[in-house]
Structures are given as structure tokens and as C-alpha cells.
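Below is one structure, written out as C-alpha cells; the observations come after it.
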Amino acid sequence: MVEQQSNLPTAYDPKEAEGKWYDYWLKGGFFRAGDQPDKKPFTIVIPPPNVTGNLHIGHALNMTLQDILIRSKRMQGYDALWLPGMDHAGIATQARVEARLREEGVSRHELGREKFLEKVWDWKEHYAGIIRDQWRKMGLSLDYSRERFTMDEGLSRAVREVFVRLYKKGLIYRGKYIINWDPATRTALSDIEVIHKEVQGHLYHMNYPLKDGSGHIRVATTRPETMLGDTGVAVHPDDERYRDLVGKTVILPVINREIPIVADPHVDPEFGSGAVKITPAHDPNDFEIGLRHDLPQILVMDETGTMNEQAGPYQGLDRFECRKRIVEDLREAGVLTEIEEHVHSVGHSERSGAVVEPYLSTQWFVRMKPLAEQAIRDTRSGEGVRFVPERFEKIYLHWIENIRDWCISRQLWWGHRIPAWYCGDCGETIVEMEDPTRCPKCGSEKLEQDEDVLDTWFSSGLWPFSTLGWPADTEDLKRYYPTDVLVTGYDIIYFWVARMIFTALEFTGEKPFKDVLITGLVRDAEGRKMSKSLGNGVDPMDVIEKYGADAMRFMLSTGYTPGNDQRFRWERVEAARNFANKIWNASRFALMHLQNVKAEDLSLKGPLSTADRWILHRLNETVERVSESLERYDLGDAGQTLYRFIWDELCDWYIEFAKLPLYGDDESAKRSTRSVLSHVLDHSLRLLHPFMPFITEEIWQHLPVEGDSITVADWPRKRPGFEAPEAVREMEILIETIRSVRNIRAEMDLSPKKQVDLLIRAEGETLSVFRNNEAAIRRLCGVGRLQADRAVSRPQRAMTAVVTGAEIFLPLEGLIDIDQTLARLEGEKKKLDKEVERVEKKLANEGFVNKAPAHVVEEEREKGREYREKREKVLQRLKELKGE
RNA sequence: GGACGGUUAGCUCAGUUGGGAGAGCACCUGCCUUACAAGCAGGGGGUCGCAGGUUCGAGCCCUGCACCGUCCA
């Protein structure tokens, strides 16, 4: 036997392989869609990451899943387009750049709008480069020729088009309402950008004196500082207690404002005293009540959360400082009578974390109800976007059924500037596709554009079609829209998914995607959310650096169940790295035996061994299962199926069986084994490629196969010719036998080097299985002499075991341990007794026999036969051993 | 308060129309066997949260409860 030295190193080096293939793929244009118009398109648009900074492990999960889907579709013959891009992320990016400027001692206001935006663009370019580099390191098959940015010219045109059309349709309006104000970033927020947290606070009870001196009325509040803006007190119209007070006047303490007591059905008589103070400029409910009763609206804070001139003596104080002071003062004055512990929900800014202030302000809004109607109808009739897993559809539906208007203006500079102009002379508002130069109403040229920008999600909401060229009727839009699947986290179903669906239905008349695959969070090993403040985040680049991109991808995707959170554990990355190494070494073995072998030297036509037919059959089943799992987005199952097939079956059994012919002299057997090995490895690599693109390409390039790259190799198909259920049964017998012998050897503490003899008693077809695989059995359990026959006589002193259809004996003269053997057989007997009992009980049950499907009953009968037969043999052995 | 998810081996998690409980890691034993010690071979380990119900049969379906978590108000 000539020992061939492989030129591949013994351990897989991800850095080596991952360094070279990405450029090769890009140069080859394998990721560019649209080259073959006859193919069916399959499209995914990336959820655009924010250009605020680096990608985190959640991005890595999300991107890996998309890459697996798109790569498998590409191999399956689709014209696969995965369109990359990034989001300008208004608040987040602006905040980051402002923070940087602060370090330099400059504010954005000192810099001015134009200069500041230049800085942000610089920042964007910088981080876009970093993100692209991270995509490359992860091996993502993105079509960079179609990369987009939410503030591109094309996408900005789409934003303008949508704004103008919605405005003309009356679905966008400007008005003065209570909005959520973030005093830290000094901008309005939409409802969903506010996170409600339960906070231990206080309920302050105050007595407001009646003007006529006849007493007072008691009100309660959690925000006493807002009393400075009170313009009324409200009670429920049916509340007996206050019937006589309605219409009277109260003197607001501290500032001595005279305010009326009004009756409004919105007041909850059960809460507190049943009388509530009304602050129309600082509370959404009070705002509504205020409108109904024509109460003045008085803002008592400025946009930083500092008390303003309306706050009288408290002017200039921060809102929380003001609260402390006012509580003290009111207590001294005897107005504040009681402070109660009170847990209540307080809104915080999703971005800055600051306590959000309900704030009266003029903003732009989208009327959502009319936009949501079609989406609601679609979902109810089953025509809507399909959520995977389904349960998220309910969450989505509940939200769109209860949707409220969307505040879209932001007091920022970074973003799409609102395309509205105001006439300085007549006050006309102008919203048109082209920038106006004069007022269409009065002809004035004193026009000023709105200072504000749009909520970032306004532009992201157009992403699936704006990236493909909309509103222009482009070839890409026609070909790739609607897209096939969106992969995103459950945390942005409202923010993003729902809005994309609305706008798509409104402007393209179609769903933007057929399916939405929902991912969970990647948590830390303890199950905590990863966060900057905890410092428990995992940088995907660190993972790649330590274990390679393939290992990270495999770990993330096989640990994945749609919609569920998963924990990041380094041990799992290590396991994935070990798997890569396993494949690497199996391939080294294969390549050793395929040196100087060309594709035409291989053939699966020749006579095949049991192991050959078995592994081809199992490959068939693996192809089927992996394909099906991918089809239903069960990527975790697909990955695990491959793991088990490659490691347990290909490596542990097939390769071990294959060594015999490969190291032997039979040229024909060698050739067929090589062919099978090459075929199975080739096709395993193809199935695995979407998960582990780098290592599979690296190995595939060494195999005697046709094609430029595994990225565009054909996806394996199930082949009827490979079906060999009889080979599966044969292998089961062989494996069981080999395991039994190994088990005896291990129990007897036999050195692996020590060769023993093996006798097998079997008959009929089972006997032929042993006869046909004698050499393999000998090799795999360290057997010297093997005798398989119908009439094997039991040696005097032997270890014995019973397998399906056969009895095996290991004559171990001098080594035999009767007690151990007895114990083993007794154990075996116990197990079989239990099984037999279970089966018989089942079969004795008339209900089962009559009602269970026939094949289930038959299977059960067959099991019973096998167990009884086996038990018979075990009992026989026991009798013989005891009889000695 | 409403809705949803989770509870399966020591740990982290799979378990696809209900039909003999699985994986990885960890653990124990023996091996540097000519692809791989990032490995090989063998082994131990679970009242499937609790209580009922449906069914011939329940980890899986139904009801209730407990604990953990998420979303919404």
C-alpha cells in the first residue's frame, strides 16, 4: 500500500480559505442577478442596517439566514437577487455624530445645517465601508451592483413621490397635537418609539380651592409640575359628589389662575377622587377634554424639558427639579395633602432613554386607518403576507386593527427634508413634486421650506420597491418585485414590516413580499439581552477571527428556530468549528484517494458494495430532507440533518467501510468506491454550501468536478437509481453487529490492538450479508479470524451477544469473564422483557388492534416477533452459560 | 388587565399530520488505529412544569394552575 501524502494541512485553517474566495466570487459575478433572463427570479431585499456603526451578532444571524436562502435558491436554478443597502437612521446617526462633535467641543448649531450634514455624510461613508467589509467577512452573496442607501437620489425621489401623493389624497396632514417629545434628542417621536416601563412613582393629591371660598376640590396627579399648565378641572357628569361644583371656578394654587370645573364623560370616577386636573398642553387625554370644553392650552416647558416663562417662579428649572420644588411648596401651602406610593407606566425614548414628555406641538402626521384597510382585509381573508411562524400574524393584525396616526416629522437635520413650503405672505402650504418658486395662491416668492425631516421609517417603509427603482417603471421592478421573503426580527414588525405592507399595497397594489421569516434575539450565554451598558455583546468579527465565518454561520443557523430567541455560547461555535474540521479531514481522506483522478474516471455504474448502496440511499434521503427543510424555512433542521449525515454516516461508517477497497488491490472495487466517495462528498458539500460557503468552495475546488464555483453548482436532486432500502437493512445488521463486538471488547478491557476471533451464527439472507462484508467486519472490530455460518457451534468459553437475526461469539479463552457475560445478557434480557411486554400489552388491547391504522399494528407485530426471537436466543445463551 | 411564547438529560436546545424520548456540550472508561486528539471507540443519565380531560394510545390535542419571559393597554 502506497501511502500518499496529502498536500492539505491536517487542520482546517479558516483564515486561509476565507481570505481568497470572496474576491473570486465577486470577480466571477456569481452574485449578480439578471444574467439569465430565462430563469425564474427569486428576490430578497436586505433589512438595511443602520450606518451608525458596526454590525452586531443579531445582524450576523439575520444575514446568515438570508444568505442560506439565497444561495440555495441560486443553486436551485433561480435568478437569485439579494439586494444590499443601508439605512440613514436619522436620530441614531445624528446623535452619534453630535456626540463626536461634542468631544471636539462643537455643537451642530455652531456648525450650521450644511456643514453638519457634510460631517454626517463623512460618517456614513466611513461606516458603510466598515459594514461592507463585515458583509465580506461573513461571506454574504450580495449583489453589490444594486446596493442602495435610503438617502440615495432614487430613494429620495420615492419618498417625495409618496409624501406628495399621500398629502394630495388627504392622508398626510399637519396639525397641532400632543405628541411624544424626547427632551434629550429634542425631537418628536412616534408612538412606537416610546417604550413604556413600570416605574415606582407617587400619586400626589392636591386640594384646589374654590373661588367662592366654599371649600376645595381634590385632584390627583403623578406629574405635579404640570399643574402649572392646568386650565381646568374635570369630573364625570354623572358623579353625584361633584354635581353642584360643575360650572364653578377654582383658583389654581401658586399662579392663581382661575380655571373652570367641567363635566366630561371621559373622566373615570373610580380613579383617585374622581376629579382630575386638566393640562391640555401636556397630556393627550387632557388635550381632548380641553378641546371639548374650549380650555386654553398652556405649555409650561421648552423643548429641553426646562420650565418656561409660563411656569412663573419655577422658570428655568429642569422638569424633575421643578417637581421636587413644587411638591415642597405645595405641601407647605397646605395644597398637597397626601403622597401615595404608586406604580405607573412611564414612557421612555427608544433612542435616548429619556423620559418622554407629552407635548403640544405642530407636526406632520400620516392618517393610518385608510392605509391599513387593505392590509387588514388581506390578512383576514388569508391573502396577506405569510408570517413564519404564524403566531406573529396575530400580533401584526392586532396592531394594524388598532392603528393610530403616525407622527412623521422629526426635529432633526439628518434625513429626508419634509417637502413642504410655507408662504411668508399668505401662509399657504405648498406640497408638490417640484420645488416651488412662488406661492400659487398669492404669487409671493417668500417661500420657506419646512425645517424638519421625516421619520427614518418613512423611507424604510418604501424599501422593497424603492430599491428596485420605483416610482420609475424599471426592468428590475418588473422582474424582481414583489420580493419573495423578508427576514427580520420580531422587534420591528410594527416599525417596519407593517409599514412596508401598507405603502406597498397603496403604491404598487401588491404585497411587498410573500413571506416574512421572523427571527428572535441572540442573547448572551445567561439569556440576557446583549447591550452596550452590560458590555455582554458579542462582536461577530471576533467570532470569525477566532473560529471562522463558516463556524459562526453554522452555529447561528443550526441553533435557529423561527421567532425564538437563542443564546450565544462559545462552546457551540467551537462545536461548529470542529464540524468544519471534520469535513476538512474527511475531504483530505477523499482527496488522497482521488489524486490524479479525473471526472471521467468516475462511474457509479459498476457493482456497488452494501456500504456504497447504503450511503447513496442515505444521501438521497438527506437531499430530500434538507431541501424540504429549507423550503419551509426550517434552517435549523436542515443544518442538523447535514451535521448528522456527514459526521455520523459519511465519516463514521462509510469512510471506514471504504478504507478496505481503497487500500486494497481490487482496481474495480477501488474505482467504484472512489466514485461513490467523490459523489457523496461533492453532493454533501453542495447541500452544506449555503451554510458554510468558504470551506465548501475550498474543498470543492479540489474535487474532480466540473464547474467554476460551487456557488453556482446545481443543487442535488433525489435520484431514483440510488434507492436501496435493502442496503439500509443490511447496514443496520452490520452496524449492530460491529457495535456489539466493540461493546464486548470494551467491557472486557481488550486492547484495540489485540485481535480476536469472531463467530457468527446466522442463516439465509442475513448470513449472506455477513459473508459479503467479512473483511469490513474484521477491520472495524479488530477481528482476526471470522467464521459466519448457519451451523456455527458455540465455543466452550466465549463472550456472546445476540443481534437481529444472528448470534455472535467471541472465544476469549483465558479472558472470559462469566460474571460479566451473565450480567450483560441479564441486562439484555431485562430490556427485551420490557419491550416484549409493552408490545404484547398493546396488541392484546382490542381498541388498539381495531382502531389503529393497519400499518401501525403490523409494525408492532413485527417488532414483537423480533424482540421475542432475540429474547429466545438470549435465554438460550444464559442457560448454556449457567449450565457450565 | 389583555394576548402570546417558554417549562423535555447536569447545561443549551430540537422534537414536522398523536403511534417505540433526541442532539451538542458536560460526565465516566479505553485508545496518538495509516482523514481528523478540533479525534476514535464504548458507556451512564430524563415522573417531557403540575392537575385533570379527549383517545385504543398524549412530550404533541383540550381545560385549569404554577413559574419565567415578551408584546400590548
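Just so you know, these numbers use all the heavy atoms, side chains as well, and skip hydrogens, waters and symmetry mates. Protein chains get the first letters and strands the later ones, always in sequence-line order, with residue 1 at the start of each. Keep in mind the model is a prediction, meaning the values are calculated, not measured.
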Side chains of [Y] and [X]: any donor to acceptor distance under 3.5 Å?
| X | Y | result |
| --- | --- | --- |
| E736(A) | T804(A) | yes |
| D648(A) | W653(A) | no |
| D634(A) | Y560(A) | no |

Across the strands shown, which category fits [X] at heavy-atom distances under 4.0 angstrom: base, sugar-phosphate, nothing?
| X | value |
| --- | --- |
| R567(A) | sugar-phosphate |
| Y494(A) | sugar-phosphate |
| R861(A) | nothing |
| A575(A) | sugar-phosphate |

Decide yes or no, distance alone: a donor-acceptor N/O pair under 3.5 angstrom between the base of [N] and the side-chain of [X].
| X | N | result |
| --- | --- | --- |
| R742(A) | A41(B) | no |
| E656(A) | A41(B) | no |
| K582(A) | C36(B) | yes |

5' priority, RNA chain B, between P14(A) and V194(A) [closest heavy atom]: P14(A)
Along RNA chain B (nearest heavy atom to each residue), the more 5'-positioned of F848(A) and L650(A): F848(A)
Considering only atom [atom1], compute the distance from [N] to [M] and round it to an integer number of Å.
| N | M | atom1 | answer |
| --- | --- | --- | --- |
| C32(B) | U7(B) | P | 43 Å |
| G24(B) | A66(B) | P | 38 Å |
| G6(B) | C61(B) | P | 10 Å |
| U55(B) | C62(B) | C1' | 12 Å |
| C4(B) | G44(B) | P | 43 Å |
| G43(B) | A38(B) | P | 23 Å |
| C28(B) | G53(B) | P | 44 Å |
| U70(B) | G52(B) | C1' | 29 Å |

Nucleotide of A35(B), A14(B), A41(B) approaching D652(A) most closely (side-chain heavy atoms): A41(B)
Residue R632(A), side-chain atoms from C-beta onward, closest of U16(B), C56(B), C4(B): U16(B)
May I have the distance from [X] (atom [atom1]) to [N] (atom [atom2]), rounded to whole angstrom?
| X | N | atom1 | atom2 | value |
| --- | --- | --- | --- | --- |
| D565(A) | C4(B) | CG | C1' | 13 Å |
| R625(A) | G15(B) | CZ | P | 10 Å |
| I493(A) | C72(B) | CD1 | C1' | 13 Å |

Pairwise side-chain contact, K197(A) with V346(A), heavy-atom cut-off 4.5 Å (strictly under): no
Is the distance from OP1 or OP2 of [N] to the nearest side-chain N or O of [X] less than 4.0 Å?
| X | N | value |
| --- | --- | --- |
| K753(A) | U33(B) | no |
| R745(A) | G43(B) | no |
| N743(A) | G43(B) | yes |
| N578(A) | G39(B) | yes |
| R569(A) | C11(B) | no |
| T10(A) | C36(B) | no |
| W647(A) | C40(B) | yes |
| N581(A) | A37(B) | no |

Mate of [N] where both pairing distances stay under 3.5 Å, Watson-Crick or G-U:
| N | result |
| --- | --- |
| U17(B) | none |
| G57(B) | none |
| U63(B) | A51(B) |
| G69(B) | C4(B) |
| C40(B) | G30(B) |
| A23(B) | U12(B) |

Stepwise side-chain contact (heavy atoms from CB on, under 4.5 Å) check, I395(A) with F387(A): CA-CA 10 Å; I395(A) 294 174; F387(A) 284 79; over 6 Å; no
Heavy-atom donor-acceptor pair, N180(A) side chain to P358(A) backbone, under 3.5 Å: no
Residue pairs involving residues 547-569 of chain A (criterion salt bridge (charged side-chain N to carboxylate O under 4.0 Å, His left out); sequence neighbours excluded): D67(A)-R553(A), R523(A)-D565(A), R569(A)-E571(A)
